[in-house]
Amino acid sequence: MMSSLVIDLVLCGLAYVVLIYFVATLTRNSLKRRDSNGDEGDGGVENLTPPKIDLPPGVIWPSDVPQGARPEPVDF
């Protein structure tokens with residue numbers, strides 16, 4: 001006779017397979033419907049420029065460093 005642990009494992013495995021099947025079926029139908037309407041987003045104007053990040057005082061981006069400026073040497 002099978003122990004209750006083996007029966008539980010078989011039933012959990014069967015429930016897992018059935019659950020994955022339903023999730024895959026519903027997802028596939030949703031993806032087909034989304035691709036068929038040709039709408040790629042919520043509309044509006046696309047802004048592809050990166051956002052301006054507010055840096056703390058004294059911190060600058062390496063691309064914003066003045067070309068002619070050299071830092072003063074520091075003696076230790």
Side-chain angles (χ1 to χ4, degrees):
M1 185 170 175
M2 298 177 99
S3 70
S4 63
L5 177 64
V6 174
I7 294 172
D8 286 343
L9 288 175
V10 169
L11 289 176
C12 285
L14 182 63
Y16 179 76
V17 169
V18 169
L19 181 67
I20 294 300
Y21 171 76
F22 282 125
V23 168
T25 303
L26 293 174
T27 304
R28 183 177 50 214
N29 289 340
S30 174
L31 291 175
K32 284 181 182 177
R33 273 188 264 131
R34 187 181 314 153
D35 292 339
S36 64
N37 64 8
D39 187 19
E40 293 182 2
D42 57 355
V45 178
E46 286 189 32
N47 186 5
L48 301 177
T49 59
K52 179 73 174 157
I53 298 176
D54 187 26
L55 296 174
V59 178
I60 59 172
W61 291 105
S63 60
D64 294 340
V65 174
Q67 295 298 326
R70 292 215 177 243
E72 296 180 15
V74 179
D75 294 330
F76 290 106

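Values reported hereafter were calculated over all heavy atoms of this structure, with side chains retained and with hydrogens, waters and symmetry mates removed. Keep in mind that this is a model prediction, so the values were computed, not measured.
Contacts of Thr49 classified as side chain to side chain donor-acceptor pair (under 3.5 Å), with partners at least two apart in sequence or in another chain: Asn47. Every side-chain contact (heavy atoms from CB on, under 4.5 Å) that Leu11 has, sequence neighbours left out, goes to Ile7.
The one candidate from Ile20, Val18, Leu14 that meets the side chain to side chain contact (heavy atoms under 4.5 Å, CB included) condition with Tyr16 is Ile20.
Rounding to the nearest 0.5 angstrom, the gap separating the CG atom in Leu19 from the SG atom in Cys12 is 11.5 Å. Taking CZ from Phe22 and OG1 from Thr27, the interatomic distance works out to 13.0 Å, rounded to the nearest 0.5 Å.
Residues Ile53 and Val59 share a hydrophobic cluster, clusters being chains of Ile/Leu/Val/Met/Phe/Trp/Tyr side chains in contact below 4.5 Å.
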